[in-house]
Structures are given as C-alpha cells and as structure tokens.
Amino acid sequence: MKKHLLAIVFTAVVAGTLLAQAPAGGPGGPGGAKGGAKAAPRPVLSVSSNAWADGGEVPMKFAGRGENKSPDFTFNWSLGGQPGAAPAELQTYAIVFHDIENSTNRTSVDTLHWTAFNIPGTIKTLPEGLAGGDLPDGTRNGPGIAAGRGTPSYFGPGAGVGPFHHYVFEFFALDTKLTLPANTTRDELMKAMDGHIIGKAAYVGRFHAVQ
C-alpha cells in the first residue's frame, strides 16, 4: 500500500514540474508560434505601368523598332498586404532592363538593353519618355545598348520575326546613392548595389517584330 502511495505522489510531483517549465501559450512560446512572436511585416515594393499589362505584349511605341520611348512606371509600397509608405531608409531606385531570351557568346549573360540608377527615392512615378544622360534630379542612365553608341539612354525591345522574346525590367530600392560613373559596367552596378537592396520588383513585356 505504501509503495502505491509513493508512486502516486512521485507522479504528481513530476507532472507539476513539467507544467511549471512549459512555456506560456503552448509549444514555441507565447501564442504558440514556433520560435516566439512573429516578425513584423516589412514594406514590399511592386511596380505598375500604363504602357502595357505586366507580362503583356510591348506596343511599338516602346520598342527599339518603333518610337523607342521608355514606359512610365509607378512605384508602389505595401505593408502586410495593404498600401503603405516606403521605408524610411529609401534613398534611390535603380533599373536593369534586359532581354532574357538571348545568350551572349554562349554564356549565361543575356542582352542588357538599359540601366538607370540614382533615381530619387522621393518620386512616386517615373514618366514616359525618360531623357538620356544625366538628368537634373540626379538620375543617371548607365550601361546598355545605347551607351555603347553614344549617350546612355533607354533602348527598347528589338527582337526580330519569330518567337516572342521576354524582356524584364528589374527594379531595386536602395538605402544609398551610388557613386558610379555613367560608363560603369553591368557587373560594377550589380556589385555596388549588394548590401543596399531594401526592396525589389520586376515587370515583364513580350515582343517580336511582325513579319
């Protein structure tokens, strides 16, 4: 009888100790979330344009074979799925526009059409038909097709007759202003952005020449 009584007492003591050690809210701490409380949502960058729908066909107006005008873009920020303000540390935007269908010299390098950097982080919309070279607001046109022919500037899609080529505008939100010359290289631009990217987005267009 005494043995049974001691076993019951021992079991009760162990159970009480385990309950005392268990974190509040169940496994993982308060609220039951593994690893503790959820991290606060971060601002997310996206872009929109009136030129064409994301993933749609690029009109001739914006093609190198047409009017060769750069499209407009609006920078949008959201927080937790709702419209929000840009991060306080945002300083500039950069754009890298390339034809991902091409392979240069049998390598993984595709065709770089246009880049622009030091676009002020205070702007909401990049207007259509951006001028080339260095702009009054600090925007600098960088490496791309036109840069190799004179003044750095936008150079639109130019795929010939055949399957569509897919052109991607990559947008980088940076916490710094880049100290790079207009004749910098693509590799130098990408390397300079490393460690400073606080937001990233992309916009896609399809283009091929009509026979």
Side-chain angles (χ1 to χ4, degrees), residues 44-76 92-119 123-135 137 139-174 178 180-193 197 199-211:
V44 175
L45 174 65
S46 63
V47 295
S48 54
S49 177
N50 295 307
W52 66 84
D54 188 14
E57 188 171 349
V58 180
M60 286 297 291
K61 180 179 182 179
F62 307 104
R65 294 171 177 267
E67 295 180 41
N68 202 32
K69 286 189 174 182
S70 63
D72 70 280
F73 287 107
T74 297
F75 300 104
N76 309 299
T92 63
Y93 292 104
I95 302 175
V96 175
F97 174 45
H98 51 123
D99 177 353
I100 63 173
E101 227 74 36
N102 286 340
S103 168
T104 303
N105 297 325
R106 299 187 178 185
T107 69
S108 60
V109 179
D110 57 25
T111 301
L112 179 66
H113 272 246
W114 173 57
T115 60
F117 55 94
N118 287 344
I119 301 167
I123 73 166
K124 306 295 183 183
T125 299
L126 197 66
E128 177 186 298
L130 203 67
D134 289 347
L135 306 186
D137 65 0
T139 297
R140 171 162 284 177
N141 286 274
I145 293 176
R149 302 175 180 179
T151 302
S153 62
Y154 172 82
F155 195 92
V161 176
F164 280 107
H165 279 211
H166 294 79
Y167 295 83
V168 179
F169 292 82
E170 291 186 90
F171 299 87
F172 301 86
L174 308 175
L178 302 177
L180 294 172
N183 64 350
T184 191
T185 66
R186 182 181 189 174
D187 286 343
E188 289 168 343
L189 174 59
M190 302 305 288
K191 186 178 293 186
M193 291 193 292
I197 299 169
K200 190 174 185 293
Y203 206 84
V204 178
R206 300 178 297 122
F207 181 83
H208 67 177
V210 178
Q211 191 167 8

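Note that these values count all heavy atoms, side chains included, but never hydrogens, waters or copies made by symmetry. Count residues from 1 along the sequence.
In this structure, CG in N50 is found 4.5 Å from CG in D72, a value given to the nearest 0.5 Å. Remark: T104 OG1 to L112 CG distance equals 9.5 Å, nearest 0.5 Å. Atom CZ in R206 sits 12.5 Å away from atom OH in Y167 (nearest 0.5 Å). A distance of 11.0 Å separates CG of L178 from CZ of F172, quoted to the nearest 0.5 Å.
In this structure, the side chain of H208 does not engage the main chain of A159 through any donor-acceptor pair within 3.5 Å. Between the side chain of D99 and the backbone N or O of T111, no donor-acceptor pair lies under 3.5 Å. Without hydrogens or angle criteria, S49 side chain to F73 main chain gives no donor-acceptor distance under 3.5 Å. Using a distance-only test at 3.5 Å, with no hydrogens or angles considered, no donor-acceptor pair links the side chain of N105 to the main chain of T107. N141 contributes a side-chain N or O that, together with a main-chain N or O of A131, makes up a donor-acceptor pair within less than 3.5 Å. No side-chain donor-acceptor contact under 3.5 Å links R140 to the backbone of F117. Judged by distance alone, the side chain of H165 and the main-chain N or O of F207 form no donor-acceptor pair under 3.5 Å.
Counting only residues at least two apart or in different chains, side chain to side chain donor-acceptor pair (under 3.5 Å) contacts with residues 145-160 are absent.
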Take L126 and I95 through the test side chain to side chain contact (heavy atoms under 4.5 Å, CB included) and record every step on the way to the result. CA-CA 11 Å; L126 197 66; I95 302 175; 3.5 Å; yes
With side chain to side chain contact (heavy atoms under 4.5 Å, CB included) as the criterion, how do Y93 and V47 come out once you've worked through the C-alpha distance, each side chain's angles and the decisive distance to 0.1 Å? CA-CA 12 Å; Y93 292 104; V47 295; over 6 Å; no
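Considering only residues two or more places apart in sequence or on other chains, K200 meets the salt bridge (Lys or Arg N to Asp or Glu O under 4.0 Å) condition with E170. With sequence neighbours excluded, the residues that form a salt bridge (Lys or Arg N to Asp or Glu O under 4.0 Å) with E128 are K61. Considering only residues two or more places apart in sequence or on other chains, T92 meets the side chain to side chain contact (heavy atoms under 4.5 Å, CB included) condition with N118, L174, K177. The side-chain hydrogen bond (donor to acceptor under 3.5 Å, both in side chains) search around D110 returns H98, R186, not counting sequence neighbours. T185 pairs by the side-chain hydrogen bond (donor to acceptor under 3.5 Å, both in side chains) definition with E188, not counting sequence neighbours.
When all heavy atoms of A201 and S46 are compared, the closest pair comes out as CB-CA, 3.9 Å. When all heavy atoms of P157 and H113 are compared, the pair lying nearest together is CA-CE1, 4.0 Å. Here the closest heavy-atom approach between residue N68 and residue G156 is recorded as OD1-N, 2.7 Å. The two atoms that bring F169 and P71 nearest to each other are CZ-CG, 3.9 Å, heavy atoms only.
Residues L135 and L130 form a side-chain contact, since some pair of their non-hydrogen atoms from C-beta on lies under 4.5 Å apart.
A donor-acceptor contact under 3.5 angstrom links the side chains of S48 and N76, judged on distance only.
Ring geometry, W52 versus Y203: the interplanar angle falls from 30° to 60°, so the pair is classed tilted.
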